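Convention: sequence-line order gives letters A, B, ...; per-chain numbering from 1. Values in this document were obtained by computation on a predicted structure and should not be read as measured data.
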Amino acid sequence: MTTERYNPRVVEPRWQSVWNERRLFETPSEDPRPKYYVLEMFPYPSGRIHMGHVRNYTMGDVLARYRRARGYNVLHPMGWDAFGLPAENAAQQKKVHPKDWTYDNIAAMRAQLKSMGLSLDWSREFATCDVEYYAQQQRLFLDFHDAGLVARKTAKVNWDPVDMTVLANEQVIDGMGWRSGAPVEIRELTQWFFTITKYSDDLLAALKTLDRWPEKVRVMQENWIGRSEGMRIRFALDPATTPAGESGVEVFTTRQDTLFGAKFVALAPDHPLAAAAAARSPALRKFIEECHHLGTAEAAIEQAEKLGFDTGIKALHPLDPGWQLPVYVANFVLMDYGTGAIFGCPAHDQRDLDFVNKYGLGNIPVVCPPGQDPATFVITDTAFVGDGRLINSRVLDGMSVDAAKEEVARRLESTTRGNRPVGERQVNYRLRDWGISRQRYWGCPIPMLHCPACGVVPVRREDLPVKLPDDVEFDRPGNPLDRHPTWRNAPCPQCGGPALRETDTMDTFVDSSWYFARFTAPRAPTPTVPAIVDHWLPVDQYIGGVEHAILHLLYSRFFARGMKATGHGGPDEPFAGMFTQGMVVHETYRNAAGDWVEPTSVSIEGEGDQRRAVARDSGAPIEIGAIEKMSKSKKNTVDPSDIIGNYGADTARWFMLSDSPPERDVIWTEAGVAGAHRFVQRVWRLLSGLSAQLPPSGLPRPGMFGDASLDLRRHVHRTIDTVTNDIEKLRFNRAVAQLYELSNVLTAHADSPMTPDHGWALREAAEALTQMLAPMMPHLAEECWKALGHAGLVAEAAWPEVEPALLKVDTILLPVQVNGKKRAELTISMDASNDEVEKAALALDAVQKLLEGRPPRRVVVVPNRIVNVVA
RNA sequence: GCCCCUGUGGCGGAAUGGUAGACGCGGCAGACUCAAAAUCUGUUGCCUUCACGGGCGUGCUGGUUCGAGUCCGGCCAGGGGCACCA
């Protein structure tokens, strides 16, 4: 019998249109089945999908199809994270409107995604730049505003004077704007913020409940929120040295136990007291000015020397008013953490130590490490930050660090000056409020107005949406909304007088902070429908790149809380299960000139050490470089469309699931893809070849099975068991290996005589294999399912059931160790007692030989696992 | 600097404290073929032995255990996150 080669180019579109016509993946919200919401991070519509998308969406699709087969009502939607800077760059460079560019890209990428055969509910699709979407986002903004979750305050930003825009820190390279190359200025701008810090404690505490999130992501969020417990302490100032009107300075510390080791107080350059002191000192003004010029870049901070300037002001020690400490302005003190001022204890803080060593202020060790003699303990270059006993600290001497912290806290809390305690316990967070203002056109307009009479006024809800004007120009740098002739003008909702619209638009992270909720009722005239969003959320499994482990996930968690608080429903935690996939990486190639070369123009020869690359056209030698994340700049990308065109979507999907554990990086190789494709063909040959000989589907199970049939059935059911488990735990690479093995076993059994029981067992195996392949390679599975004589779709078939009796075996092969080394094997009944096993093991020739006639010292029998004889 | 992860054949990787290397890629040998491709079968950690067998093997090093890739301590290497956060 001849079998035709499986042709994905014909087969895949055919099944895609069958699924589409039957509207198989459109999800009703009202359905008696249990719900399952699986979501992959929606893409930015750059124009082409990349291999990272293929990996991400394949994983999600496996889960969606598997859950459907398990009887769940699955929600698996797709949309577009469509606002953002690249559209405006394209507008400048290619003279296309950001809207046209974006929607054209969406159309191209939608077609690419459809060619992957993903079981998505396309009826719920939306883009965040759809007016219908951002209108609802503006409504949410106003609701958040009314609930006190929106603030307007000044913030320092990186300002590019040429492009006339604010830059993110990542867009500042060596102090220059990434596009303009102009030196970046630090400017204070009034910006819109979401007050995420109101939830600091809750966002931190609730991380403990996210037991289906990667530990790594939880730790990253924990560090980002950065809770520290300490004290806010007020230092009085010596009036003789202090500018008029200033009487004290507050510091934040987590080490109040080291208060007797204090050597100085330091202020941030922007601290009000620093400004007051600068008013009478030109030299200090100059110093503060220099601090401002120091870049915000990490590298600059890393190398920056600890610099300070003595203000001449003296602070009085809170536990000893007779003790004066110099007050410095120091470049390493941050205005926006704590109080913008610190007290320095050099012996037990490295930065403070560096500082005093530079300015010759000396240090007093106040915590002595265990085992050290306090009399000889000195600090020179390295601060001691560990635990120990307090020394040189008067009443605290002999206490542990914790006890001393407690004692100092008690004393300062009960000491008052001017009706206020000198110190208060305080919890500080590293987390800052979320600045969402962007001076850009292609984003969601912030629905606020500026009225000369009434100030900042929200747009009335009945006047929403504030639509982006289409008639804008990108011929000049800056925000086109600022110079639009008419759009800015609107009447004030309060007084009716002329007012100006806010021209800042929202950070695109806002768009992606609630899209998963919108998918539950994507056409509703309100942001959500609470009953529906409560039904679907939380997302049962969210999948995406680890690069969003902090910001996107944290903002979404904040938004969920905000939406709940403003009556839009949903749980506090939007993602019950989170999975961060690894990247798709590829070898890099360079020619003799050092230019990057695409994989498609390189051919590889030889193996191992002999492996060489040459240019496909000229034969010129090519250097094989490091394996790195696919990126356009290194030209080591592979276009998913090429792969799908050559091998079909199933091959690409199968390769993405094979070999590498999903959380780790996967190395894209031609050989690997070719291997995946060979398997596609092998499965088709096997199953289509077998189908002609098999008994019809649905025959009753024979009462008896021969040994071969029983072996096959046992293997099939073991595979169903493990593959089910592996998919549930997202261990796709293991599931793939099991299916390879099953197809090998099935192949080995396919030539056995076609007795009724064997035919039945073979059909069972063939169908189980097809069904288990279906979530991963849905087109191939449909084609095989049809070849096996089914009129219906495998996409609608129920997941195969395990017969528990078949997971058991009567006899097992037990390894026998002597002194921990395997020396023999023992075939014995599963039910044999430990005594029987021990006796049988000791009777083995190999064991006897090694014992040399002596009795064993000990015999360990682990039932159905191993025997270890200790000689 | 702080926090986290990873380290297993030629390669990607399997392995509830219990036979290390499943499965795939690659290699080798064979079958089919006039030949090649495709396909199928066998084999494939390293050393040693004609063979049976034996020895060595999970970055290094110490420990716990009848038994350690897995648990604990100390190193080394690679990767990631945060970073003047008091």
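- Within 4.0 Å (heavy atoms only), A:S228 reaches sugar-phosphate atoms of the nucleic acid but no base atom.
- Using the six-membered ring where Trp is involved, A:H317 and A:F260 have ring planes that are parallel, under 30° apart on the 30 and 60° scheme.
- Across B:A83 and B:A68, the matching P atoms stand 43 Å from one another, rounded to whole Å.
- For RNA chain B, the neighbouring residues in residues 732-739 of chain A, judged by any heavy atom under 4.0 Å, are A:N733, A:R734, A:A737.
- Between the A:Q221 side chain and the A:A549 main chain, a donor and an acceptor come within less than 3.5 Å of each other.
- Aromatic rings from A:Y359 and A:F264 are positioned such that their centres are separated by 6.0 Å or more.
- B:C76 and B:C46 have their P atoms separated by 32 Å, given to the nearest Å.
- Straight-line distance between the P atoms of B:G26 and B:G12: roughly 15 Å, to the nearest whole Å.
- Distance noted for atom C1' between B:U70 and B:A14: 13 Å (whole Å).
- For A:R557 (side chain) and A:L203 (main-chain N/O), a donor-acceptor pair under 3.5 Å exists by modelled atom type.
- Among the atoms of the strands shown, none is found under 4.0 Å from any heavy atom of A:N819.
- Among the protein residues, A:R432 comes within range of the nucleic acid bases, having at least one heavy atom under 4.0 Å from a base atom.
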